[in-house]
Amino acid sequence: MSADIDTLLPYETGGDIRRRIAGSLAGFALRGGSLLAFAALLVFFSVAAPFFFTLGNIGNVLGQSAILGVLAIGLTIVIIGGGANVVKGGIDLSLAANLGLSAAVYATIISAGYGDAVAVAGALATGALIGAINAAAVVVFGIVPLLATLAVMNVVAGLELVLTQNTVVSASSDLLSFLSAYGPFDIPVLAYVLTGFTAIAAAIVQFTPLGLRLYAVGAFPEAARAAGLPVKRIVAGSYIASGLCGGLAGILSVSYLSGSTTGAGEMLLPVVVTALLSVVFSRRLVPTIGGTLLSTLLVGFLTNGFQLLNISSTLVSGIQGVLILLVVAATSLQRGKGAV
Amino acid sequence: MSEIRDSGPAIGRRNLLKASLAAGATLAAANAGLFASTGSAAADEEIPSLKGKRIAISATGTDHHFDLTAYNAQIDEVKKLGGEPIAVDAQRNDTKLVSQLQTLIAQRPDALVQLLGTLTVVDPWLKRAKDAKIPVFTIDVGTPNSLNNTTSDNWRIGSDLALQLVSDIGGAGNIVVFNGFYGVVPCAIRYDQLKAVIKYYPEVKIIEPELRDVIPNTVQDAFSQITAILNKYPEKGSIKAIWSAWDIPQLGATQALVAAGRTEISTYGVDGSPEVLQLVRDPNSPAAGNAAQQPEEIGRTAIRNVARYLAGQKLPRETYVPALIANKKNIDEVTKTLRLG
């Protein structure tokens, strides 16, 4: 979060100062507006459904958001390191499939009679390996991330089918019961996991030299290379970090669902949307870890609030879609103003 | 399992057995008896009111005729009895399902009704609801954590459908089986009953590996899996029948048989989805048997059980709602009897 990155952002390279001012005003309105909208949403739900604003419910939402949050943070790291261009920039489409395979590996190892230590190692190694393959495809072979990770996604999803025969593999262990239980203040342990994980990821990405280099590489790779940064290594590292997030999310998912189940692939779009939405919660409209946490929680609170208000479940996805469209449209509008 | 079976109401049980084993003439007579008994039972009894009660209805999904009909019937019945339904649908996403159960439990409803779901996924949360002193009811989920499970008699459905299949193929031949949802209790029971029946018909063989039906894209997936297996067994007579624990794979399988011109193979499934019953009615379609359930009655019964329980009445462990095996001969009578027409 330092000022010199700001000057590298493509949308500020336009010459016309007045347009720039208009752009940053729109940006300010959007940033302020999105936080305001989030706050208004919370207030609205709290008034309309008194149960909404209770520690127990907020804890539940945090816990329910843990899997999505960890995946979205992984994707955010890739987007920061690869640049935010949706077509050519950094993206990891294999994350949801990674979650599925890592969860399947974890559940299979547990049901084969091994302990948590082996299962955790297996799941994280699976995630890291998927990340390494993505990294090799993008950095060594120079394949566009969108296509590289799409291909890896299919391979990984196929492996999950081979491993589980497309069935539910149930699993129970001490670690899993601990993760799915409730901790201090009757708040789910997963809520603490999400909070702790976000804090660590945010500390590394936003407040260390490594994080600063990650932003530099993503925003202006040529300049970063000229400045002597190991661009390829940093980009590769972002994919491996993302893969590890997939492995971790896999473990959380096994604890949440008491096993590995099919349909992990359905997480893909929510993950992408959440990571992309994160920009509206940052000061300079760049993806940040904190912003990703906020957008994860936005989706979580929306679902929760709708359920508490007893709004027909058939309406929920529609309303969510409209809200996402509004935010993305506002962001694009603001970006467009800045760039032209 | 037999104790649970026997503890349910014995409505027309003997009649049902006879009805579904035989076709045609016996069926009509047996059904008359069956409906006389259920009809009078419903008329005699006053259903207690649910006034002021918040009833949580948690559906695993509503993308299938059975789910949607049972789900809507529950909501309507809660409203009819003066209660307030809190109805949520997880759209066949297990993560969503667990989140919705978690939130429902936190909302402390007067009762919770879970419609379907993979047992290992939902059960820990039903237990949590039970531990939180919320009365838990289920539809098609057999678990000690629910006070009452409203369901079709899946043991009967499973064995009757299997007997129909075995009898249709003359007690010998290869059959293809979809077994993708063994984790869902009713599907597991139906599958186990199929195995139990064919154990005594050693010339009936299940082709290995068994197929896995999937959600979503069930029809397309079943179509392509069956097309592939037909290519592997190109000779007529090398496959006699296709079995699935519900009827959407049956739909895809039937379409694949028609497309490949292999209509000598018969298909069997469960649920009584209107589009499949339509195929059973068609004399040229390979759809030979379908266990027609009464999802509307099942949903309504589950809510009435909630009302009875909250009014202090005692409930049986399981409440069975009649289902009948529809085949080419009795299809008209079955649809009329079950009012599916």
Side-chain angles (χ1 to χ4, degrees), chain A residues 49 51-52 54-61 63-68 99 103 107 161 164-172 176-177 180-182 186 188 190 249 252-253 255-267 270 300 303-314 316-317, chain B residues 54-59 61-62 68 71-72 75 84-109 117-125 127-128 131-132 178-184 187 209-217 221 225:
Chain A
F51 176 72
F52 180 81
T54 58
L55 192 60
N57 190 51
I58 293 171
N60 270 348
V61 174
Q64 290 162 6
S65 307
I67 299 167
L68 177 63
L99 157 95
L161 286 184
T164 65
Q165 298 292 316
N166 201 24
T167 56
V168 174
V169 182
S170 60
S172 64
L176 295 177
S177 334
S180 63
Y182 283 71
D186 220 14
L190 285 181
L252 301 183
S253 154
S255 85
Y256 198 58
L257 303 177
S258 323
S260 94
T261 74
T262 55
E266 286 168 35
M267 284 290 272
T303 313
N304 177 261
F306 284 145
Q307 183 175 337
L308 292 182
L309 287 182
N310 208 0
I311 296 178
S312 163
S313 51
T314 47
V316 171
S317 30
Chain B
R54 287 155 65 240
I55 310 301
I57 297 166
S58 163
T62 54
L68 183 64
Y71 180 69
N72 286 335
I75 298 173
E84 181 198 345
I86 313 173
V88 275
D89 163 22
Q91 297 158 335
R92 285 254 138 59
N93 178 328
D94 283 335
T95 314
K96 240 185 204 171
L97 179 57
V98 168
S99 300
Q100 92 184 16
L101 279 171
Q102 206 175 28
T103 307
L104 283 176
I105 293 166
Q107 284 176 273
R108 308 206 130 273
T118 302
L119 183 64
T120 52
V121 174
V122 295
D123 207 32
W125 297 92
K127 180 169 187 310
R128 228 163 265 212
D131 292 345
F178 281 98
N179 187 24
F181 294 98
Y182 196 78
V184 178
C187 298
E210 291 171 359
L211 305 183
R212 309 273 178 206
D213 35 337
V214 299
I215 296 177
N217 294 327
D221 177 79
Q225 290 203 55

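So that the names make sense, note that chain A is the first sequence line, chain B the second, and so on, each numbered from 1. Predicted model, so just to flag it, every value in this text is computed and none were measured.
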To the closest 0.5 Å, what do you measure between [atom1] ([X]) and [atom2] ([Y])?
X        : Y        : atom1 : atom2 : answer
B/Ile215 : A/Asn166 : CD1   : CG    : 10.0 Å
B/Lys96  : A/Met267 : NZ    : CE    : 11.0 Å
B/Gln107 : A/Asn57  : CD    : CG    : 8.0 Å
A/Phe51  : B/Thr103 : CZ    : OG1   : 8.0 Å

Segment of [X] engaging chain A (4.5 angstrom heavy-atom cut-off):
X        : answer
B/Pro85  : backbone
B/Arg108 : neither
B/Gln100 : both

Please examine the side chains of B/Gln102 and A/Pro188, heavy atoms only from C-beta on, and report whether any two atoms are closer than 4.5 Å. yes
Check the pair B/Leu104, A/Gln307 against side chain to side chain contact (heavy atoms under 4.5 Å, CB included), reporting the backbone distance first and the verdict last. CA-CA 8 Å; B/Leu104 283 176; A/Gln307 183 175 337; 3.3 Å; yes
For the side chain to side chain contact (heavy atoms under 4.5 Å, CB included) test, which of B/Thr118, B/Thr120, B/Asp123, B/Leu119 pairs with A/Ser170?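 Passing option: B/Thr120.
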Measure [X] against the heavy atoms of chain B and call it side chain, backbone, both or neither at under 4.5 Å.
X        : answer
A/Leu68  : neither
A/Ser180 : both
A/Gln165 : both

Got a sec, which residues hit side-chain contact (heavy atoms from CB on, under 4.5 Å) with A/Thr261, two or more places apart in sequence or on another chain?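 So A/Thr261 forms a side-chain contact (heavy atoms from CB on, under 4.5 Å) with A/Val168, A/Leu257, B/Asp94, B/Val121.
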Expected output: side-chain B/Arg212 to main-chain A/Thr167 donor-acceptor under 3.5 Å: no
Got a sec, which residues hit salt bridge (charged side-chain N to carboxylate O under 4.0 Å, His left out) with B/Arg92, two or more places apart in sequence or on another chain? B/Asp63, B/Asp67
Looking only at non-hydrogen atoms, find the nearest pair between A/Tyr256 and B/Trp125 and report the distance.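 Minimum heavy-atom separation between A/Tyr256 and B/Trp125: O-NE1, 3.7 Å.
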Interface residue of largest heavy-atom contact number with chain A, from B/Gly183, B/Ala106, B/Pro209, under 4.5 Å: B/Ala106
